Amino acid sequence: MNEPPDLAPKLPPIDDAIATKRIRWFDDDYVAEMVRFLGPNACRRLAIFSLPRGFTLSVIVPVYNECDTVADVLERLRQTGLPVEIILVDDGSNDGSSEVLDTCSNADDVTLIRHERNRGKGAAIRSGIEAASGDVIVIQDADSEYDPDDLRGLLQPLIENSADVVYGTRYGHCDRQVSPWWHQAVNGLITTLANVSIGPRLSDVETCYKMSTRENFQRILPQLKEDRFGIEIELTARWARLGLRFTERPIRYQHRWYDEGKKITWKDGVSALFCIAKYGLFRR
C-alpha cells in the first residue's frame with residue numbers, strides 16, 4: 001500500500017531556526033513587530049532594540065594558551081546575531097592556540113594580531129584597540145567563563161545614549177554560578193577600594209566585559225600603561241577622569257579552576273591594589 005504523502009511543512013533544523021531568529025533580533029521590522037506585540041517597556045527590559053545602519057561591534061579577544069575554548073567562543077560571538085568585527089590577539093601562545101587561530105583567521109569577520117612573546121592582557125587590549133574599526137568596542141576573554149549572549153544587554157545603554165561606559169557585573173543578581181567565597185571576597189575588596197579611590201560606585205571592577213565607544217577607548221589609548229590584569233583598574237580610572245557616565249548590567253559567569261586554565265593569581269590581586277593607589281590616589 002502506498003504511503004500517504006507527507007504534507008507537513010518542512011521546518012528548518014532547530015539550530016538553524018534559532019540562528020535565523022538571532023540574526024533578526026536587531027532588524028527594524030522585527031523590533032517593530034515586537035514593540036507592537038509586547039509594548040515598548042517590555043522590549044526595553046528584554047533588550048530588544050534596533051541598531052544604527054552600518055553598525056559594527058569590535059570584539060577584542062586576548063588569547064594566551066586557550067586552544068580548547070577559543071574556537072567555541074568565536075562561534076558563540078557569531079550566534080549573538082550582532083554585526084561583529086572579531087580581533088584576535090595571540091599573546092605568545094605555546095599550547096597549540098596559534099594553529100587554531102590560523103584556521104579561525106580565514107573568516108572575513110576576523111583580524112589576527114600576534115605578539116611574539118607573552119606580554120599580558122593589557123598589552124593585548126592595546127593592540128586590539130589600535131586595530132579596531134567598529135563603532136563600539138568590548139573585551140571578550142577567550143575562555144568559557146563569559147557568555148557572549150550578554151553583549152546584547154550591555155550594548156543597549158550605549159545605543160540609547162543613557163551611558164558612555166557599560167560594565168557587565170557578575171554579582172548582585174541570581175542568574176549566575178556561585179563563585180568560591182575567596183573569589184567574591186577578594187573581588188569585593190578590590191572593587192570597594194577602587195570605588196573609594198577612583199570614583200564610580202561599581203560592584204565588579206575586575207569584570208572582563210567592559211564596553212564603550214571606539215572613540216572613548218582611543219581617547220585613553222595613549223595613556224594606557226598596564227601590561228597585565230592591572231588594565232582593569234587603569235581603564236576604569238582613565239574613563240572616570242574624563243567624567244564619563246558608567247552603567248552596570250548583570251551578566252552570567254561560569255567560574256573555572258586553575259587546572260582548567262585559569263591565569264589570574266594572587267600576584268595579580270596585589271598588583272590590582274598597587275594600581276588602585278597608582279591611578280586612584282596618586283592619579284598617575
Side-chain angles (χ1 to χ4, degrees), residues 12-27 51-152 154-155 168 208-214 217-218 221 227 231 251 254 256 260-263:
I14 293 177
D15 288 346
D16 291 345
I18 293 174
T20 300
K21 186 174 182 180
R22 281 174 167 165
I23 291 172
R24 289 190 61 212
W25 272 346
F26 303 97
D27 179 78
L51 291 173
R53 297 291 182 185
F55 176 88
T56 300
L57 174 65
S58 293
V59 185
I60 300 174
V61 187
V63 183
Y64 177 61
N65 292 350
E66 300 289 359
C67 65
D68 293 332
T69 57
V70 63
D72 179 65
V73 168
L74 264 62
E75 183 58 29
R76 291 169 67 189
L77 283 169
R78 295 187 178 106
Q79 288 176 359
T80 63
L82 286 162
V84 293
E85 170 194 52
I86 302 171
I87 302 172
L88 298 172
V89 185
D90 182 4
D91 192 31
S93 297
N94 54 24
D95 71 333
S97 295
S98 298
E99 289 73 15
V100 175
L101 296 180
D102 282 336
T103 302
C104 295
S105 65
N106 293 328
D108 293 337
D109 58 355
V110 172
T111 298
L112 176 59
I113 300 170
R114 292 197 189 280
H115 290 173
E116 293 300 320
R117 58 179 178 83
N118 178 244
R119 295 165 52 192
K121 183 177 182 179
I125 289 173
R126 292 200 302 272
S127 294
I129 296 171
E130 291 174 353
S133 62
D135 303 272
V136 170
I137 295 176
V138 68
I139 302 162
Q140 168 75 55
D141 281 350
D143 55 31
S144 55
E145 290 186 322
Y146 291 82
D147 188 346
D149 273 345
D150 290 325
L151 295 178
R152 182 164 62 113
L154 297 180
L155 183 59
C208 163
Y209 275 163
K210 292 177 169 65
M211 180 183 288
S212 190
T213 63
R214 177 164 56 96
F217 270 94
Q218 291 182 336
L221 177 59
D227 283 338
I231 192 69
I251 59 171
Q254 294 293 319
R256 68 173 180 169
E260 297 174 299
K262 193 171 185 67
K263 307 294 190 302

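Quantities reported herein were computed from a predicted structural model and do not represent experimental measurements.
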I need the full list of ring pair (Phe, Tyr, Trp, His ring centres under 6.0 Å) pairs touching residues 117-147, with sequence neighbours left out, sorted by first then second residue.
Tyr146-Tyr209, Tyr146-Tyr253
Residues forming a side-chain contact (heavy atoms from CB on, under 4.5 Å) with Glu99, sequence neighbours excluded
none
Sequence neighbours excluded, the answer for salt bridge (charged side-chain N to carboxylate O under 4.0 Å, His left out) partners of Arg53 is Asp28
Just wondering, do Leu155 and Phe55 contact through their side chains at under 4.5 Å, heavy atoms?
yes
Which heavy-atom pair separates Leu221 from Glu130 by the least distance, and what is that distance?
CD2-CG, 3.6 Å
Taking the side chain as every heavy atom from C-beta outward, state whether Leu74 and Arg78 have any pair of such atoms under 4.5 Å apart.
yes
Distance-only side-chain donor-acceptor flag, Ser97 / Glu66, under 3.5 Å
no
Once you round to the nearest 0.5 Å, how far does CD1 of Ile87 lie from OG of Ser133?
6.5 Å
For the pair Asp143 (side chain) and Glu145 (backbone), establish whether a donor and an acceptor sit closer than 3.5 Å, ignoring hydrogens and angles.
yes
What heavy-atom pair brings Gly96 and Cys67 nearest, and what distance separates the two atoms?
C-CB, 3.9 Å
Test salt bridge (charged side-chain N to carboxylate O under 4.0 Å, His left out) applied to Asp102 - qualifying residues, sequence neighbours left out:
Arg114
Measure the shortest side-chain to side-chain distance between Thr80 and Asp149 over non-hydrogen atoms and say whether it is less than 4.5 angstrom.
yes
Flag side-chain contact, heavy atom, 4.5 Å: Pro52 against Asp135:
no
Atom pair CD (Gln140) and CG (Leu57), whose distance is rounded to the nearest 0.5 Å
10.0 Å
Hits for side chain to side chain donor-acceptor pair (under 3.5 Å) against Thr56, two or more places apart or cross-chain, chain-then-number order -> none
Residues that Arg126 engages under salt bridge (charged side-chain N to carboxylate O under 4.0 Å, His left out), provided they are two or more places apart:
Asp227
Distance in Å, Leu112 CG paired with Leu88 CG, rounded so as to fall on 0.5 Å steps:
6.0 Å
Distance in Å, Thr213 OG1 paired with Gln218 CD, rounded so as to fall on 0.5 Å steps:
9.0 Å
Taking every non-hydrogen atom, the tightest pair across Ser93 and Tyr64:
OG-CA, 3.4 Å
Can you name the closest pair of heavy atoms from Ser127 and Ile113 and give their distance?
O-CD1, 3.7 Å
Could you tell me if the side chain of Met211 sits less than 4.5 Å from the side chain of Val136, heavy atoms only?
yes
To the nearest 0.5 Å, atom CD of Glu85 lies from atom CG of Asp108 at 12.0 Å
Got a second to check how far Leu82's CG is from Leu151's CG, nearest 0.5 Å?
6.5 Å
Any Ile60 side-chain heavy atom under 4.5 Å of Ile129 side chain
yes
Show the numbers, then the answer: is there a side chain to side chain contact (heavy atoms under 4.5 Å, CB included) between Val110 and Leu101?
CA-CA 10 Å; Val110 172; Leu101 296 180; over 6 Å; no
Do Arg119 and Asp91 have side-chain heavy atoms sitting under 4.5 Å apart?
yes
Which atoms form the tightest heavy-atom contact between Leu154 and Gly168, and what is the distance?
CD2-CA, 3.7 Å
Looking only at heavy atoms, the pair that brings Gly134 and Ser58 closest together is N-OG, 2.8 Å
Sub-4.5 Å side-chain heavy-atom contact between Lys121 and Cys208
yes
